Amino acid sequence: MVKFITSGIFRRGMTLAFALCMALAGHIQAREFTLVLDPGHGGKDVGAPGKLTNEKTVVLDVGRRVKKIIEKEHPEVKVLMTRDSDVFVPLKGRAAIANKADADLFISIHCDAVGDKKRAQTVAGSTVYVLGPTKSDANLEVVKRENAVIELEDGYLETYKDIEALTAEQLIMLELNQNLSGSVDFAQMASDELHGTAGRASRGNKSVMPCGFYVLVYTKMPSVLVELDFICNPSVEKFLHSDSGKDKCARALANAFSTYYKATGSKNSAISGGTADRSTDDAHGRKTSGKRKSSKK
């Protein structure tokens, strides 16, 4: 009798434990994918100025349009914005929003510019950056311009002292912790879409580049910084200022997200193990297998 009762209790306990595990597994698998869109600059920080508009205005409008498209086409995805109005958000605060939300992907949206007045009339093309050591003088100028935003923050020297002295090796370690392959995969998808869908000039094999942007240093998930095009170029600015141009840029980024999401982050991918068989060269010229599990554990 004792044996019978004991085995019966054991069987019922095992059944309940199995049911609980299945319920928990279903909850984990069904966990929503979170995307954070980061329209750069804002408020007292206008970003790169143009004659018709400015960077902060263009990227906020594009960000809103990307959010609207994705929420319509992927209602199961949670889309957050670091700012949805003309306000100033510190760089570290932008990353904190994404980290707190346990985001799966972070897209910081910007417009490019150059200081040389003659070159500004003709320079064009989109670039998508991932975290990494800055390798060229041109990219260093972009990094300096975007990172200079911190000077508008009170106490910025103390706030950012921990990354001012980061070495190239330390940046690479941060890349690995952030999921470099995920960042590079999405960066290439976004670059391809900006060229093909939005008609932005191709910059050859330099359309995806590593750079030390502060806003990417602090994020803990696959992250990119997108420079839509050069707002300092009058003809490009007309495009970026137009509804048609903003729609095309938004559609390009939404398309890139959809491709990335279906490959790595959808519910079906989570249930099947979340692997995507992709092979690509990363921003440092290394070959990545691309076989990876969904970023959500």
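Everything quoted here is computed from the prediction, not taken from an experiment. Residue numbers run from 1 in the order of the sequence given.
Residues Thr264 and Asp104 are not in side-chain contact: their nearest non-hydrogen atoms beyond the backbone lie 4.5 Å or more apart.
Not a single donor-acceptor pair under 3.5 Å links the side chain of His74 to the backbone N or O of Ile70. No side-chain donor-acceptor contact under 3.5 Å links Glu55 to the backbone of Asp112. Side-chain atoms of Ser244 never come within 3.5 Å of backbone atoms of Ser242 as a donor-acceptor pair (strictly under, hydrogens ignored).
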For this session: Please test Glu227 against Leu225 for side-chain contact (heavy atoms from CB on, under 4.5 Å), starting from the C-alpha separation and ending with a verdict.
Result: CA-CA 7 Å; Glu227 297 281 5; Leu225 187 146; 3.7 Å; yes
Problem set entry | Chi angles and distances behind the side chain to side chain donor-acceptor pair (under 3.5 Å) call for Glu76, Tyr261 | CA-CA 11 Å; Glu76 74 281 8; Tyr261 172 64; 2.7 Å; yes
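Contact detail for Ala48 and Cys111: the closest heavy-atom pair is CB-O, 4.5 Å.
Under a hydrophobic clustering in which Ile, Leu, Val, Met, Phe, Trp and Tyr are joined whenever their side-chain heavy atoms come within less than 4.5 Å, directly or via other members, Phe186 and Met81 fall into the same cluster. Cluster membership for Val77 and Val62, using ILVMFWY side-chain heavy atoms within less than 4.5 angstrom, is shared.
The existence of a salt bridge linking Arg251 and Asp247 is excluded, since no basic side-chain nitrogen approaches an acidic carboxylate oxygen closer than 4.0 Å. Of the charged side-chain nitrogens involved, none lies within less than 4.0 Å of a carboxylate oxygen, so that Asp243 and Lys248 do not count as a salt-bridged pair. Salt-bridge check for Lys56 with Asp45: failed, with every basic side-chain N at 4.0 Å or more from each acidic carboxylate O.
Atom CZ in Arg200 sits 9.5 Å away from atom NE2 in His195 (nearest 0.5 Å).
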